[in-house]
Number of protein chains: 2
Amino acid sequence: MQIAVHSNQSDFSPRQNAVLDSALRLLVDGGEKALTTAGVARAANCSKESLYKWFGDRDGLLSAMIGFQASKVRTFEAHAGRLDAAKLHELLVTFAHDLLDVLAGDVSLALNRLAIGQASRDGSKLGHMLQERGRRQIGKRAGALLEAARRARLVRFDDADEAYGTLYGLIVSDLHLRMLLGEPISEKDRNFDRRAERAIDAFLRLYGTNENSAAS
Amino acid sequence: MQIAVHSNQSDFSPRQNAVLDSALRLLVDGGEKALTTAGVARAANCSKESLYKWFGDRDGLLSAMIGFQASKVRTFEAHAGRLDAAKLHELLVTFAHDLLDVLAGDVSLALNRLAIGQASRDGSKLGHMLQERGRRQIGKRAGALLEAARRARLVRFDDADEAYGTLYGLIVSDLHLRMLLGEPISEKDRNFDRRAERAIDAFLRLYGTNENSAAS
DNA sequence: CTCAATCAGTACCGTACGGTACGGTTCGTG
DNA sequence: CACGAACCGTACCGTACGGTACTGATTGAG
């Protein structure tokens with residue numbers, strides 16, 4: 001794994017970041033219902049008045065939480081060296097594993113639940129933010145990798161977005177939704193190593209140009 | 001398409017079903033926030049007292065709404081006749097299209113949002129119900145079809161659940177989540193015919209035994 | 001007709017939350 | 001020290017919601 005590049009520095013003071021951290025913790029533990037302004041103030045040892053001064057209102061706090069969390073998710077540099085089939089396979093598996101780790105994270109699940117819960121009333125502002133700062137970033141990483149693989153004649157596709165969509169579906173399937181619904185996830189589904197391997201094998205069988213890269 | 005088999009008769013009187021219909025309408029239009037007991041009573045021309053007598057409390061109403069909606073979703077009989085490659089392809093495409101239609105439905109999206117929003121506090125009772133009555137039913141249909149295809153030597157797989165997971169991922173990818181988040185869906189993504197075709201082609205390339213069934 | 005049951009409509013209660021105002025404390029600066 | 005800004009803790013206000021109680025109208029059985 002490479003080092004974080006886009007530090008995505010958050011727009012808030014350290015004190016405010018600490019408050020946002022407490023708020024995220026509260027959200028993860030108790031869901032949206034537990035995320036009251038009084039609760040955040042108590043958990044963060046700050047006053048409600050400061051909350052409103054810093055974040056405007058409750059929605060501003062929610063937006064700030066998403067922005068803050070996004071600033072902590074590291075985005076990775078595309079591989080720089082020469083790509084061969086084995087290296088591509090390895091990078092794709094790493095990507096798949098990272099993606100699953102992110103989606104399965106406590107905070108990610110809580111924020112997605114929050115944004116989905118508000119999707120009907122706020123014009124999807126939070127959902128849009130989550131998509132833009134979350135999936136889009138990780139999608140750019142995958143897109144760059146796929147594009148490099150295509151230039152190296154290791155994969156073939158017409159539409160990069162469609163190829164990425166297939167890759168995403170093979171990796172995640174309905175696991176993300178099941179986790180969002182709170183379903184208990186079986187041990188087998190929790191085995192991200194195997195899941196990533198299977199998904200990438202299938203993806204390369206579909207899009208790979210070098211058949212031996214798909215050793216079933 | 002075949003005719004509904006499991007009528008899944010709802011456990012409520014016609015009057016109560018009408019109330020549940022109003023409640024669903026309210027939920028679809030305004031999200032969970034708009035689904036107040038007073039609002040339901042007003043929309044359905046019934047009294048709050050009756051609501052509480054019939055459904056116990058607000059959670060009971062939510063559960064009843066999910067059960068009521070599930071009772072309206074038709075589940076289909078597995079194909080009875082002899083399967084060949086072309087027929088399998090057709091049935092799979094139909095399945096994919098039906099799945100996408102269900103997931104993209106107003107009521108389905110609203111109920112999924114509701115269950116996800118409550119996943120943190122109610123021990124996923126609603127989410128579990130949704131999974132059990134929704135995905136599980138449609139999954140059984142796909143499972144039966146895949147099993148029949150395997151017996152006919154048209155596809156090969158070890159783990160039926162895994163094969164279904166792959167099929168689901170290829171069909172849906174992250175479209176469901178994007179819809180739940182309220183993202184505007186592009187015209188291309190809304191083209192379920194093409195999407196279903198592509199997914200089934202890919203699935204048969206991965207699992208099919210007869211290579212000519214995958215005419216790219 | 002009479003009685004009992006059901007239900008719509010409404011008023012009501014307790015509570016919890018978003019948002020605001022205020023007193024007291026800390027801390028940096030001249 | 002003196003002053004002021006930032007801020008914590010808390011009290012407060014208006015509102016909205018879940019849930020309950022009451023009243024009057026309708027209906028169906030004996």
Side-chain angles (χ1 to χ4, degrees), chain A residues 10-66 68 110 113-115 117-118 120-123 125-126, chain B residues 10-66 68 110 113-115 117-118 120-123 125-126:
Chain A
S10 155
D11 306 337
F12 300 102
S13 75
R15 173 71 177 126
Q16 290 163 11
N17 284 343
V19 171
L20 293 175
D21 233 334
S22 297
L24 283 175
R25 177 60 176 259
L26 216 56
L27 178 67
V28 168
D29 290 344
E32 188 196 347
K33 180 82 186 240
L35 196 71
T36 67
T37 54
V40 172
R42 200 177 330 113
N45 287 325
C46 77
S47 70
K48 285 173 68 174
E49 197 174 22
S50 301
L51 286 183
Y52 284 96
K53 169 181 282 192
W54 293 333
F55 306 110
D57 57 5
R58 190 173 185 270
D59 282 353
L61 175 64
L62 301 185
S63 300
M65 287 166 64
I66 291 181
F68 173 65
R113 290 198 185 105
L114 179 67
Q118 305 240 326
S120 323
R121 54 183 167 224
D122 71 348
K125 190 164 134 315
L126 292 184
Chain B
S10 155
D11 307 337
F12 300 102
S13 76
R15 172 72 176 126
Q16 289 163 10
N17 284 343
V19 170
L20 293 175
D21 231 336
S22 297
L24 282 176
R25 178 60 178 258
L26 217 55
L27 178 67
V28 168
D29 289 345
E32 188 197 347
K33 179 83 186 239
L35 195 71
T36 67
T37 54
V40 172
R42 198 177 331 113
N45 286 327
C46 77
S47 70
K48 286 173 67 174
E49 196 174 21
S50 301
L51 286 183
Y52 284 97
K53 169 182 283 191
W54 293 333
F55 307 110
D57 57 5
R58 189 172 185 270
D59 282 353
L61 176 63
L62 301 184
S63 300
M65 288 167 64
I66 290 181
F68 173 64
R113 289 199 186 105
L114 179 66
Q118 304 239 328
S120 324
R121 54 183 167 226
D122 70 348
K125 190 163 135 314
L126 293 184

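A note on names: the letters A, B, ... follow the listed sequences, proteins ahead of strands, and every chain is numbered from 1.
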Rounding to an integer number of Å, can you tell me how far [X] [atom1] sits from [N] [atom2]?
X: A:Phe55; N: C:dG18; atom1: CZ; atom2: C1'; result: 16 Å
X: A:Lys53; N: C:dA21; atom1: NZ; atom2: P; result: 13 Å
X: A:Leu51; N: D:dG9; atom1: CG; atom2: P; result: 11 Å
X: B:Leu61; N: D:dC17; atom1: CG; atom2: C1'; result: 14 Å
X: A:Gln16; N: D:dA6; atom1: CD; atom2: P; result: 12 Å
X: B:Arg58; N: D:dT20; atom1: CZ; atom2: C1'; result: 18 Å
X: A:Arg121; N: D:dA16; atom1: CZ; atom2: C1'; result: 13 Å

(message) Looking at D:dA6, I'd like to know if its phosphate oxygens (OP1 or OP2) sit under 4.0 Å from a side-chain N or O belonging to A:Trp54.
(response) no
(request) Report yes if at least one side-chain N or O of A:Arg15 is closer than 4.0 Å to OP1 or OP2 of C:dC27; otherwise report no. (result)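 No, because none of the side-chain N or O atoms of A:Arg15 sits under 4.0 Å from OP1 or OP2 of C:dC27.
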(request) Just compare D:dG19, D:dC22, C:dG19 and give me whichever is closest to any side-chain atom of A:Tyr52. (result)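 The answer is C:dG19, which lies nearest to the side chain.
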Supply the atom-to-atom distance [X] [atom1] to [Y] [atom2], rounded to the nearest 0.5 angstrom.
X: B:Leu62; Y: B:Leu114; atom1: CG; atom2: CG; value: 5.0 Å
X: B:Leu51; Y: B:Gln16; atom1: CG; atom2: CD; value: 10.0 Å
X: B:Asp21; Y: B:Met65; atom1: CG; atom2: CE; value: 9.5 Å
X: A:Thr37; Y: A:Glu49; atom1: OG1; atom2: CD; value: 12.5 Å

(request) Grab the two heavy atoms, one from A:Ala44 and one from A:Arg15, that are nearest each other, plus how far apart they are. (result)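 Reported closest heavy-atom pair: O-NH2, 3.2 Å.
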(request) Please check if any side-chain donor atom of B:Lys33 sits under 3.5 Å from a side-chain acceptor atom of A:Ser120, or the reverse. (result) no
(message) Can you pull out the residues from residues 30-48 of chain B that lie within a 4.0 Å heavy-atom distance of DNA chain C?
(response) B:Asn45, B:Cys46, B:Ser47
